[in-house]
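Here is the structure we will look at, set down as structure tokens.
Letters A, B, ... are given to chains in the order of the sequence lines, protein chains preceding strands, and every chain is numbered from 1.
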Amino acid sequence: MDSLLNGSRPPVFCPGCSHDQVLHALDQALVAMGLSAEEVVMVSDIGCSGLFDTFFNTHAFHGLHGRALTYATGIKMARPDLKVIVTMGDGGLGIGGAHVLSTCRKNIDLTLLVLNNFNYGMTGGQCSSTTPQDAQVGSGFLNRLEKPMDICQVAAAAGAGYVSRLSTYDKGIVEGLKEAIAFDGFSLLDIWGLCPGRYTRRNKLTPRSIEADLAILPDLGDYRTRNAREEYGRAYRQEAARLQPVSKPARIEATCTPPQAGRSEVVVLGSAGQRIITAGELLCLAGASAGCHTAQKSDYPITVMRGHSVTEIILSDVEIEYTGIENPSVVIALAPEGVSRRKKMIAALPPEAWVIKASGIDLPPSAATIIEVDFKAEKIKSQDWALVSLAVLAKQNRVLNMDMLKAALQLRFRKAEYETALAMVEKAVESLCR
Amino acid sequence: MALTLMEGNEAIGWGAVAAGCNFFAGYPITPATTIYNTMLKLLPPQGGVCLQGEDEIASIGFCLGAAMSGMKTMTATSGPGISLYSEQISFAIGSEIPIVIVDVQRLGPSTGSATKGADGDIQFLQWGNSGGFPVIVLAPVDIRDCFVLTVHAFNLAEQYRCPVFLAANKEVSMTRETIDLDRLNLPPVMDRKTADAAQPFMPFGVKNDSLVPDFLPIGGGRLVRQTSSTHGPDGYITTDPGQIADMQKRLDDKLKKSVPAFTYYDEYLVPDADTLVIAYGVTARAAMTAVKNLQSGTPKASLLILKTLWPVPEQLIREKAAAYKRVVMAEMNLGQYVREIQRLLPDKKIDFLGQMNGELIKPGQIQEVIIHG
Ligand code: SF4
């Protein structure tokens, strides 16, 4: 085949538009590389460069403004064998800047052609991220206040494997395109050209001045050595191949008998670092090991190493409907940070409710039965208080029993951890429940 | 019976894999992050892809590119991310790209409260697209729904070539619950219909009375054209008013006309009740407790739990409400879905209970409205 252009849709750019020349050069490059239409995906952005996909008779994807690289990444990850070529203008470059940087950092095997004509052609010649400060454009004085961006320096700094500046009028453009497309990784070509429809009506720009301007841009240095690395998709698949498939979620058989029927609600009030949420999970596992349905909701600030940690657990012999706490049978109060979050709840506790409270914690007055535990006197570390409180409950056959707690520890921990935890718990309960 | 303890978000992840999901991309955001964590554990070791986008726009963009290349894709976020997805959602609707989008709702507006639940995006999910086209929104009540409705969501995305939302809520997604995985009633997995090799391929053409175009992946042996611009059946831009009107009508019809095929709901009928409570999402659980608490006294109420929210299952709501004098609607916002109920049931007394304070609506509050209006 001698062309991949679309016979039924001839290009319709303005006369003299540089896009037209790039389009033909790209076609020549693809043909010269021996690529077939089925192997190529043209992903185009919005604006005049967004017409590229229509003018090629290849796979075509035309999406939203600035987002072309996002689709291209998805396509390339799904089909690593395809040649994915993205066209965008200097408009797409600005609006999609985050995607350009990220694609450079990834080094995924895409080719991005920035058709840089220094303005937004399609919408009336407004300034873009590459408009010179002294240009006359459709944005009044605004472009005088913003420095144009040299995308090649940016891309090189962001980790792109292949970056090059080209003039549309450069005789070597086909070779330049071929080299970029052949590059095994992310390649970016900043292709300068004329927009007679808008830009050159008020600004003097010629193929010769473009050549001169390009010649004085700073050299990109040794970025290629710095950025040389494995292509993203291949590196991804290599990493993935080393991973072990996750085992199926554990199914917990009911091997224990729960001490109580009905619904029990337990609230643990502590602070970060006290393993409050793990204790809640253990209580859920204990419930499941006795065939109970369980639910756990936790509340902690975004600063996970400081502040309150509250967890609420429900055990029930029927399926749990409402997951809120209405009538807790046990409250475990281990730190003022947690207690301060549930003062109203504590004050309203009825006489049949139990509160296990660490010595020294102030509680609002309530009718509940208070069990004070001096963890410090027993040299129990703060991170174990919640677990030991569960053991205190288990010892009294309230909500759970020791069989259930042991089953939970076994489900949650590996053998060595399980043995340490069990020994700690047994020793603590021994001395606390003397 | 053997129980498994997991978070709602983990169940969504396992449900996705059960449905054949092989591509996920997301940007971390509480309370949706644990879906991403789950997919990162599940997909890469089994040959799938899980990516973290530089932002939400990129994440859903990766999915759309992959979906058009034949993969089954999902993304997950919360209200702030849905806002950023909006333009891509419109693209997926108009260009018929299958994708499952999980919105783990948190208290808004805007940044709001990352760790507090709400159902504040219920109208936004439907109307957050330019053009105002129908979308499918399913709302999980509990962990079992997180699993099962995710499988349905994938099937629907494949069958109708459209985005399908799972309108979760922090209160379902980040709650750890027991689930009996062996007793899930999972639907058979469905895949998009491949275009007939003997016919010329029209990317957006429909045959006979079908309303959904057959699919071919980008990168296959026959060329595929995808575009966000107004297009004709051939996937090229069109300005022909007749062609445009046909396309728009088909996009509107393809979901609205099929609602009975994906109307998911639950009900709890109480004999002699003259009130019907309607609820969805986590609030349905408090409503269930409320109607059970009242079932042996007066007044009594029955319960209808909607799991398909959009397109509105109008026929179901009219039929189920027909026998009742009064409807009580409870939801975790200040009055969103109740608008649909009011529109459908103009002759009934409708009492509304809304709450947006970061807390669950309690059974007692619903009972109060059932008793006192
Ligand atoms: S407006 Fe400018 S970029 Fe667009 S087609 Fe015309 S000359 Fe080319």
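Proximity to chain A involves both the backbone and the side chain of B:Asp182, based on heavy atoms less than 4.5 angstrom apart. Looking at B:Met288, the atoms closer than 4.5 Å to chain A (heavy atoms on both sides) sit in the backbone and in the side chain alike. When heavy atoms are compared at a cutoff of 4.5 Å, B:Pro203 does not approach chain A at all. Of the atoms belonging to B:Leu43, not a single heavy atom falls under 4.5 Å from chain A. Only the side chain of A:Ser8 comes within contact range of chain B, with at least one heavy atom under 4.5 Å from a heavy atom of that chain. For A:Leu101, no part lies near chain B; criterion is any non-hydrogen pair under 4.5 Å. For B:Lys362, the parts lying under 4.5 angstrom from a heavy atom of chain A are both the backbone and the side chain. For A:Glu39, no part lies near chain B; criterion is any non-hydrogen pair under 4.5 Å. Using a 4.5 Å cut-off between heavy atoms, B:Gln46 does not touch chain A at all. Only the side chain of A:Lys106 comes within contact range of chain B, with at least one heavy atom under 4.5 Å from a heavy atom of that chain. Looking at A:Thr294, the atoms closer than 4.5 Å to chain B (heavy atoms on both sides) sit in the backbone and in the side chain alike. Residue contact with chain B, scored on non-hydrogen atoms closer than 4.5 Å, involves the side chain of A:Leu82 exclusively. Using a 4.5 Å cut-off between heavy atoms, B:Met71 touches chain A through its side chain atoms alone. Contacts between A:Tyr232 and chain B at a heavy-atom distance below 4.5 Å involve the side chain alone, from C-beta outward. At a 4.5 Å heavy-atom cutoff, the contact between B:Gln88 and chain A is made by backbone and side-chain atoms alike.
Between B:Lys292 and A:Glu321 a salt bridge is recorded (basic side-chain N to carboxylate O distance below 4.0 Å). Taking the charged nitrogens against the carboxylate oxygens, A:Glu281 and B:Arg176 do have a contact shorter than 4.0 Å, which makes a salt bridge.
Note on A:Thr73, A:Val41, A:Leu69, A:Ile313: by heavy-atom pairs under 4.5 Å with chain B, the leading option is A:Thr73. Ranked by heavy-atom pairs under 4.5 Å with chain B, the first of A:Lys297, A:Arg67, A:Arg251, A:Glu239 is A:Arg251. When the candidates B:Glu177, B:Lys116, B:Glu54 are compared by the number of heavy-atom contacts under 4.5 Å with chain A, B:Glu54 comes out ahead. Here B:Glu87 is the residue among B:Glu87, B:Met68, B:Glu10 with the most heavy-atom pairs under 4.5 Å with chain A. Counting heavy-atom pairs closer than 4.5 Å to chain B, the top residue among A:Val43, A:Leu411, A:Asp299, A:Asn57 is A:Asn57. With chain B as the partner, the residue from A:Leu243, A:Ile252, A:Val246 showing the most heavy-atom pairs under 4.5 Å is A:Ile252. Across A:Arg105, A:Lys76, A:Glu253, A:Arg79, the residue that shares the most heavy-atom pairs under 4.5 angstrom with chain B is A:Arg79. Between chain A and the residues B:Ala2, B:Ala58, B:Ala286, B:Gly219, the most heavy-atom pairs under 4.5 angstrom are made by B:Gly219. The candidate with the highest count of non-hydrogen atom pairs below 4.5 Å against chain A, out of B:Cys63, B:Ala67, B:Ser59, B:Gly220, is B:Gly220. Among the candidates A:Ser298, A:Pro245, A:Gly63, A:Gly96, the residue making the largest number of heavy-atom pairs closer than 4.5 Å to chain B is A:Gly63. In terms of non-hydrogen atom pairs under 4.5 Å with chain A, the most contact-rich of B:Leu42, B:Thr115, B:Leu181, B:Asp180 is B:Leu181.
Side chains of B:Phe23 and A:Met77 form a contact here, defined as non-hydrogen atoms less than 4.5 Å apart. Contact annotation: the side chain of A:Gln244 never approaches that of B:Pro45 to less than 4.5 Å [non-hydrogen atoms, C-beta and beyond]. Inter-residue side-chain proximity for A:His99 and B:Ile57 is flagged as met; some heavy-atom pair is nearer than 4.5 Å. In this structure the side chain of A:Glu38 reaches within 4.5 angstrom of the side chain of B:Leu223, judged on heavy atoms.
Nearest heavy atoms, A:Ala60 versus B:Ile218: O-CD1, 4.1 Å.
A donor-acceptor pair under 3.5 Å links the side-chain atoms of A:His59 to the main chain of B:Val224, judged by distance alone. When atom types are taken as modelled, the side chain of B:Arg225 and the backbone of A:His62 share no donor-acceptor pair closer than 3.5 angstrom. Looking at A:Tyr236, its side chain does come within 3.5 Å of a backbone N or O of B:Cys50 through a donor-acceptor pair. Without hydrogens or angle criteria, B:Thr4 side chain to A:Ala250 main chain gives a donor-acceptor distance under 3.5 Å.
Atom CZ of B:Arg192 is surrounded by more than 12 heavy atoms from other residues, nucleotides or ligands within 6.0 Å.
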